[in-house]
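Every value quoted in this text rests on a predicted model; they were computed, and no experiment measured them. One-based numbering, in listed order, for ligands and for the atoms of each.
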Amino acid sequence: MKDINKLIVANWKMNPQSKKDAEIIFKNISLFVKNLKKIDVVVCPPFPYLYIKDKIKNKKLKLGSQDVFYEKEGSYTSEVSIGMLKDFGAEYVIIGHSERRMTGDTNSIINKKILATLKAKINPIFCIGESKRDANGFYLSFIKQQIIEGLALVTKPQMKNVVIAYEPVWAIGSNAVREATAGEFIEIRIYIKKIIADLFDIKTANDIKIIYGGSVHPTNANIFIKDGGADGLLVGRDSLNKKLFGQIINLVK
Ligand code: PGA
């Protein structure tokens, strides 16, 4: 049966700049999630701060990472393996974020990362999204290709652990062109489900968790959840701000 918990993912990106600040932010978030029901909050700090989960214990607050390498171990300078992430208690991994795609992650690399993550029984948060929209709808085939190539060789049973994050690149970060609308999210959500139904089956498409990311703020969080039918949110900037992230969690609640 579909896990009906909403998922809120905090993507800290390359922030904050000290352990001290990371611990403060994590502690604040862990206070918000204490009495939460039907919402899973996942914090994805930079790799050096993954220790935080051991230090500030809170079973309800889940840990994720912002990336992973697909090989198990060995001579891969600077890379981090899924085994290391597991050892720190990570349950989720963001894979294919547009900022990683910009530095070289192709659909095929992303696919290898997703397969390695699923094999280790960790949940991939698979990011997809176009850089711009065009009147002829070519962005739709771009998204379709990301999904088909990213999920190659993933099995039907494994799909229950996959979360898809639709993040239109034009709506991400402080350089965003504009915010996305609920209507735009609904269109893509239905489109993703159709692709998943064709690749797997209707049940898998019904059950797949599709979350929204890109300039999520307290002013629009509810729009994507309530009007857009999102199963959760991927929050960048506002996840570092106690007040704003607290408001977003409250709105989803
Ligand atoms: P943003 O980032 O909320 O700062 O736009 C979202 C993301 O890139 O995951």
Close approach, H97 and ligand 1, non-hydrogen under 4.0 angstrom: yes
Numbering as shown, the atoms of ligand 1 that approach N11 to under 4.0 Å (heavy-atom distance): 9 (O)
Atoms in ligand 1 flagged as close to L234, the criterion being non-hydrogen separation under 4.0 Å: 9 (O)
D201 bridged to K156 by N-O distance under 4.0 Å: yes
For ligand 1, the portion of I172 having any non-hydrogen atom under 4.0 Å away: both
Short N-O contact, E91 and K53, less than 4.0 angstrom: no
Lys/Arg-Asp/Glu bridge criterion (N-O < 4.0 Å) met for R178, E184: yes
Main-chain N/O of I210 paired to R189 side chain as donor or acceptor, under 3.5 Å: no
Residue selection (non-hydrogen contact nearest atom 3 (O) of ligand 1) among G236, G173, A10, G213: G236
Nearest neighbour of atom 7 (C) of ligand 1 from the list E167, R237, E179, E99, on a heavy-atom basis: E167
Donor-acceptor contact below 3.5 Å, side chain D227 vs main chain A182: no
Option among I249, I211, I248 that satisfies the side-chain contact (heavy atoms from CB on, under 4.5 Å) test with L233: I248
Protein heavy-atom partner closest to atom 2 (O) of ligand 1 - residue, atom, separation in Å: K13 NZ, 3.2 Å
